[in-house]
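First up is the structure itself, then whatever we jot down about it.
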Amino acid sequence: MSKEILVMAEVVSNEKGVDKEVIFEAVEAALVSATKKLSPLDIEVSVKIDRRSGNYQTFRLWSVVDDEQEIERPDQQMALTEARQIEPDIEVGGVIEKQIESIGFGRIAAQTAKNVIIQKVREAERALIVKEYLPRKGELITGVVKRIDKGNVILDLGGHVEGIIFKEDMMPKDVRIGDRIRGYLYDVRLETRGPQLFISRTCPELLIELFKLEVPEAGEGLISIIGAARDPGSRAKVSVRANDPRIDPVGACVGMRGSRVQAVINELGGERIDIILWDENSAQFVINAMSPAEVMSIVVDEEAHSMDIAVKEKNLSQAIGKGGQNVRLASHLTGWELNVMTEAEAEEKSVKEHQVLREIFMQQLEINQEVADILVMEGFSTIEEVAYVPVSEMLAIEEFDEEIVEELRDKAKDVLLTKAIASEEQNDVKPAVDLLSMEGMDEELAYTLARHGICSMEDLAEQAVDDLIEIVAIDANKAAELIMTARSPWFSEGVK
């Protein structure tokens, strides 16, 4: 048997590409399992194979426990006093080994060994696959469709390696067994069963990697593929930037007579692709991303991270796209929320916003309409901007002199200070004792009500259910109960 073990370890190691040590450990585990099955007792066993000769020895094991501890498994445990008669230096927690006769390989033992070896080899193979493909995560993978299971596509990647494309990661297009397709390897995991390589045909990264493959300038670093947005199988937008001013990045990606972009389109089943010139100016980048629609004007709202885009009425449907596709892809590509409207709608919205801002400035800064209009026309949208924009910028406004600028800034700072004091006072307000101790009331709810001016039971009693629901997140029944409890003193007084 010793020679057979050595030969088997050599053959399996060569065939499966698995380290021989894994094979030896598998055989040892198989021998342990077979020995325990053949023993009438519930024993613990270890088997040690000599890696050079193939000979093996079998040992029965006992774990050493304290003398005062109850021995629950007498076939596997031994008291400390008894153990020290065999091995004087042994301590609690140690292991006593006694060599026993090794079993020969009968039919059952051989089958057990075979099953264990197969399992160990599979585990080793899967670990090798992960080790090989983990560095390739984020790359393009090419495979042949091996089978289709409930819409999920299993790819044969060669060398008995499989990858999976889940149904949601597949293009809306039929594939047949035997088709050769590319995908983006987005994850590699050590799974106990099933494929370990997870591939996508719908992610934007696939489009980026395909362009890197087809455009040599991108591979050489002369062009950067910044990002992509896709409606898989229908349309996509990809943004590019030249790292060398002598290169036209859009032209390089299109290729001679469109050869390069067409190769990508063919790989993606006819998906239309817009190649967009990236720009460090966000507004200009959005204008480019809205291609082929022509943008007439654009208003940027930094705080809301959105932009209002105005186009000619005849171009509105083109700017929005079928089912909102064009503006949605442009939004994903740029990272901005985009609102597309006609020039007339944009003008109407601008007028309304102008009127609102004008009223705010007139009321809070106590200025006339003419000065308020100037502030709005110059791009001021908040009291904070009036208070803290550099004096030089305000003096650059033709209608303003130093006296007007100083007066406006002082008034704006006074408004901000008043708001800050009011906010601090509101945070300091506390509910009355009767509100805190009222039945059905908790401390958090009482303080929330107090911050909204409802500080006592009397204040609460005067509220309507709808008003209370708007203030705190409770249902109508709970609001009604609280109000009726607060009104209970009224009825008591009426009885008296």
Side-chain angles (χ1 to χ4, degrees), residues 282 299-308 324 328 331-332 334-339 349 352-367 372 375-376 380-389 408-496:
S282 298
V299 177
V300 181
D301 185 342
E302 294 280 359
E303 187 174 341
H305 203 67
S306 65
M307 297 190 192
D308 291 341
R328 183 173 65 254
S331 180
H332 289 169
T334 60
W336 286 78
E337 182 182 342
L338 306 180
N339 307 308
K349 183 177 181 180
K352 288 181 179 178
E353 290 177 349
H354 183 113
Q355 291 173 346
V356 170
L357 282 175
R358 181 177 64 197
E359 289 299 321
I360 291 173
F361 287 148
M362 289 174 63
Q363 291 176 11
Q364 297 191 11
L365 298 179
E366 298 178 348
I367 57 178
L375 288 173
V376 175
F380 289 87
S381 59
T382 64
I383 300 296
E384 286 82 355
E385 289 178 358
V386 178
Y388 297 113
V389 160
L408 285 172
R409 288 169 64 84
D410 288 343
K411 285 183 176 181
K413 290 176 181 178
D414 287 344
V415 170
L416 294 177
L417 180 60
T418 301
K419 285 183 178 180
I421 293 172
S423 177
E424 187 174 340
E425 289 177 348
Q426 188 178 31
N427 290 334
D428 288 341
V429 70
K430 294 181 180 179
V433 175
D434 65 344
L435 186 66
L436 276 169
S437 58
M438 192 185 86
E439 184 181 350
M441 182 65 63
D442 60 61
E443 186 175 346
E444 183 181 354
L445 178 58
Y447 273 88
T448 301
L449 292 172
R451 284 195 293 271
H452 288 82
I454 305 172
C455 299
S456 65
M457 284 180 64
E458 184 71 22
D459 294 335
L460 179 56
E462 295 174 352
Q463 302 301 311
V465 171
D466 291 342
D467 295 333
L468 199 58
I469 292 173
E470 290 183 6
I471 294 173
V472 290
I474 57 176
D475 58 36
N477 292 333
K478 176 69 173 176
E481 288 177 9
L482 289 172
I483 292 171
M484 291 306 295
T485 302
R487 289 175 181 177
S488 60
W490 295 356
F491 305 122
S492 300
E493 291 171 5
V495 171
K496 294 178 182 179

- Message: Applying side-chain contact (heavy atoms from CB on, under 4.5 Å) to Ser488 and Glu439, what does each step give before you reach the verdict?
- Response: CA-CA 11 Å; Ser488 60; Glu439 184 181 350; over 6 Å; no

- Item | Nearest-0.5 Å distance, OG1 of residue Thr448 to CD of residue Glu444 | 5.5 Å

- d(Lys478 NZ, Leu445 CG) to nearest 0.5 Å is 7.0 Å

- Item | Shortest non-hydrogen contact between Ala446 and Leu436, atoms and distance | CB-CD2, 3.7 Å

- Query: How many angstroms lie between atom NZ of Lys411 and atom CG of Leu416, to the nearest 0.5 angstrom?
  - Reply: 14.5 Å

- Note on the structure: Closest non-hydrogen contact found for Ala450 with Pro431 is CB-N, 3.7 Å

- May I ask you to decide if Leu468's main-chain N or O and His452's side chain share a donor-acceptor pair within less than 3.5 Å? no

- Show the numbers, then the answer: is there a side-chain contact (heavy atoms from CB on, under 4.5 Å) between Leu460 and Met438? CA-CA 11 Å; Leu460 179 56; Met438 192 185 86; 3.7 Å; yes

- Nearest heavy-atom contact between Tyr388 and Lys413 is CE2-CE, 4.1 Å

- Task: Using modelled atom types only, decide if a donor and an acceptor are shared between the side chain of Ser331 and the backbone of Trp336 within a distance under 3.5 Å.
- Result: yes

- Got a second to check how far Ile471's CD1 is from Leu449's CG, nearest 0.5 Å? 6.5 Å

- Does the side chain of Ser381 come within less than 4.5 Å of Leu357's, by heavy atoms? yes

- Quick one: pull up OG1 in Thr382 and CD1 in Ile360 and give me the separation to the nearest 0.5 Å. 9.5 Å

- List the atom of Pro489, the atom of Thr485, and the distance in Å for their closest heavy-atom pair. CD-O, 3.9 Å

- Output for pair (Met362 CE, Leu375 CG), nearest 0.5 Å, gives 11.5 Å

- So, for Ala479 and Val465, which heavy atoms are closest and what is the spacing to 0.1 Å? CB-CG1, 4.0 Å

- Message: Give me the atom names and distance for the closest heavy-atom approach of Gly440 to Leu482.
- Response: O-CD2, 3.6 Å

- Kindly indicate whether the side chain of Val415, heavy atoms from C-beta on, has any atom under 4.5 Å from the side chain of Val386. no

